[in-house]
Protein chains: 2
Amino acid sequence: MTDNQHIRMTRQRKVILEELCKVCNHPTADQVYEMVRKRLPHISLATVYRNLEILSGIGSIMKLEFAGAQRRYDGNAAPHYHARCQGCDKVVDAHMPPIDVPQVPESLNGFFITGHQFEFTGYCEDCRKAMADSEKSRDSFHKTGASLPH
Amino acid sequence: MTDNQHIRMTRQRKVILEELCKVCNHPTADQVYEMVRKRLPHISLATVYRNLEILSGIGSIMKLEFAGAQRRYDGNAAPHYHARCQGCDKVVDAHMPPIDVPQVPESLNGFFITGHQFEFTGYCEDCRKAMADSEKSRDSFHKTGASLPH
DNA sequence: ATAGGTGCAAAACTTTTGCGTCAAG
DNA sequence: CTTGACGCAAAAGTTTTGCACCTAT
């Protein structure tokens, strides 16, 4: 909003943006760090975090606050939706038209609505297989939000 | 989810569930801890985490993985939607009918869809006021597009 | 030149885990 | 009794921050 401060295009920032736009998985800050490190071996993780924050602030990238504990970033800043695997937390694009945004309910008075978030939840192919396997060996997952299909 | 293991209703678990169902804000694990601590001063934060995980696993409460870095929990396990303030991260209920779930796009083959998540994003009344104020004193937000108050 | 940006290291948080002990069923 | 659960403390993992030095503009 009203960004009245110079944003310099440093080498680090440029590389981060380039690398992020190059991939279509939705990396975490740490994964971006690893990607960028191949071109800028001395970059700091703090710099990556700072830049992801700034770039998403000015709308050059998208910050995915959907995905549970760990944030993910998307080089595609255009509005689109995702699906998240409840098993491994992987995020993939869901190519689909914008959904019919429902009427904003009255209960949200006071609130100034800027948009909405939508994502499918489910299990990716890999995790389904893993689940089918452990089904036999009665091991179960207590881990992650992966509290199984319900 | 084939829960083939006994789940004991301990005093701690009972109190956590009770306290969570009592409130309609959507507390973080830490906030639940503070609430419960008034009745069980010796409870451990780890116990709170473990129980929130278990209770959401068996569907007694809802784990909100929407809200950015920090998870929130909802004593109302019935499916319903929320709105989240991008300023202070507060989460409120949006009383509304279930949305028309869009067709699952082909791009999501392989994926076994179990459901979807939807939430409005925007700014709550408090944060709007705070924004209007800092507008004058040209302080700007370098942070998030909106890391105001809290 | 100036002030935004960087790297490094340490701090701040949030969440999970190992382990000895306790208590629900 | 048995075994799931607890409390504690320590670990793990993610994100932020202070500071002195750079470097785009």
Side-chain angles (χ1 to χ4, degrees), chain A residues 3-17 26-34 36-37 39-58 60 63-73 88-89 138 140-147, chain B residues 3-17 26-34 36-37 39-58 60 63-73 88-89 138-144 146-148 150:
Chain A
D3 107 61
N4 55 341
Q5 92 187 280
H6 277 202
I7 299 218
R8 296 182 186 165
M9 188 45 73
T10 60
R11 196 153 32 105
Q12 291 86 339
R13 185 162 297 158
K14 187 154 161 284
V15 172
I16 289 171
L17 190 52
H26 303 70
T28 62
D30 192 66
Q31 291 168 330
V32 173
Y33 175 56
E34 290 305 332
V36 170
R37 216 136 76 103
R39 291 174 55 186
L40 301 175
H42 293 300
I43 197 173
S44 137
L45 178 57
T47 297
V48 172
Y49 269 105
R50 278 189 281 239
N51 276 305
L52 290 173
E53 194 59 36
I54 290 174
L55 289 171
S56 69
I58 62 178
S60 297
K63 176 160 60 167
L64 306 183
E65 305 224 68
F66 265 98
Q70 200 169 5
R71 277 175 209 149
R72 289 172 176 278
Y73 298 87
C88 63
D89 219 52
R138 210 83 297 269
S140 88
F141 326 49
H142 0 274
K143 285 275 160 160
T144 13
S147 33
Chain B
D3 102 64
N4 55 342
Q5 95 188 279
H6 277 204
I7 299 219
R8 296 182 186 167
M9 186 46 72
T10 60
R11 198 152 32 105
Q12 290 87 339
R13 185 163 297 158
K14 187 152 160 285
V15 172
I16 288 172
L17 189 52
H26 304 68
T28 61
D30 192 66
Q31 291 168 331
V32 173
Y33 175 57
E34 290 305 333
V36 170
R37 215 134 76 104
R39 290 174 56 186
L40 301 175
H42 292 301
I43 197 175
S44 138
L45 179 56
T47 297
V48 172
Y49 269 104
R50 277 188 282 238
N51 276 304
L52 290 174
E53 193 60 35
I54 289 175
L55 289 171
S56 69
I58 63 177
S60 296
K63 176 159 62 167
L64 305 183
E65 304 224 68
F66 264 98
Q70 201 169 2
R71 277 174 210 151
R72 288 172 177 277
Y73 297 86
C88 62
D89 220 51
R138 214 83 291 275
D139 241 346
S140 89
F141 328 57
H142 5 269
K143 295 258 129 175
T144 342
S147 57
L148 285 214
H150 51 226

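A note on names: the letters A, B, ... follow the listed sequences, proteins ahead of strands, and every chain is numbered from 1.
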Whole-Å gap separating [atom2] ([N]) and [atom1] ([X]):
X	N	atom1	atom2	value
B:E34	C:dT14	CD	C1'	14 Å
B:E53	D:dC6	CD	P	14 Å
B:R37	D:dG7	CZ	C1'	13 Å
A:I54	C:dA3	CD1	P	17 Å
A:H42	C:dA9	NE2	P	13 Å
B:K63	C:dT14	NZ	C1'	13 Å
A:N51	C:dG5	CG	P	8 Å
A:D30	D:dA12	CG	P	16 Å

Among D:dT15, C:dG5, D:dC8, which nucleotide has an atom closest to any side-chain atom of A:I7? C:dG5
So, A:E53 side chain and A:R50 main chain: donor-acceptor pair closer than 3.5 Å or not? no
I'd like to know if the side chain of A:R72 and the backbone of A:H26 have a donor-acceptor N/O pair within less than 3.5 Å. yes
Please list, by residue number, the residues of residues 8-17 of chain A whose heavy atoms come closer than 4.0 Å to an atom of DNA chain D; answer none if no residue qualifies. A:R8, A:M9
Got a salt bridge between A:R37 and A:E34, using NZ or NE/NH1/NH2 to carboxylate O under 4.0 Å?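 Between A:E34 and A:R37 there is a salt bridge, with a charged N closer than 4.0 Å to a carboxylate O.
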Would you mind reporting whether A:T47 and A:T10 have side-chain heavy atoms less than 4.5 Å apart?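 With C-beta onward as the side chain, the pair stays apart.
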Heavy-atom check, side chain of A:R71 versus side chain of A:L52, under 4.5 Å: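 No. Closest side-chain heavy atoms not under 4.5 Å.
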Taking only N and O in the side chain of A:Y49, is any of them less than 4.0 Å away from OP1 or OP2 of D:dT15? yes
May I ask you to verify if any side-chain N or O of B:R71 is less than 4.0 angstrom from the OP1 or OP2 atom of C:dT16? yes
Atom pair [atom1]/[atom2] of [X] and [Y] - distance to nearest 0.5 Å:
X	Y	atom1	atom2	result
A:Y49	A:D30	OH	CG	6.5 Å
B:R8	B:I54	CZ	CD1	11.5 Å
B:L17	B:L55	CG	CG	5.5 Å
B:N51	B:S60	CG	OG	10.5 Å

Classify the side chain of A:R50 and the base of C:dG4 as holding, or not holding, a donor-acceptor pair under 3.5 Å.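 In this structure, the two groups form no donor-acceptor pair.
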Can you work out whether B:L45 or A:S44 has the more 5'-proximal nearest nucleotide on DNA chain C? A:S44
Assign each of A:I43 and B:T28 to its nearest nucleotide of DNA chain C by heavy atoms, then name whichever residue's nucleotide is nearer the 5' end.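 Residue closer to the 5' terminus by nearest nucleotide: A:I43.
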If an axis is fit to five pairs at each end of the helix from C:dA1-D:dT25 to C:dG25-D:dC1, what is the angle between the two, to the nearest 10°? 50°
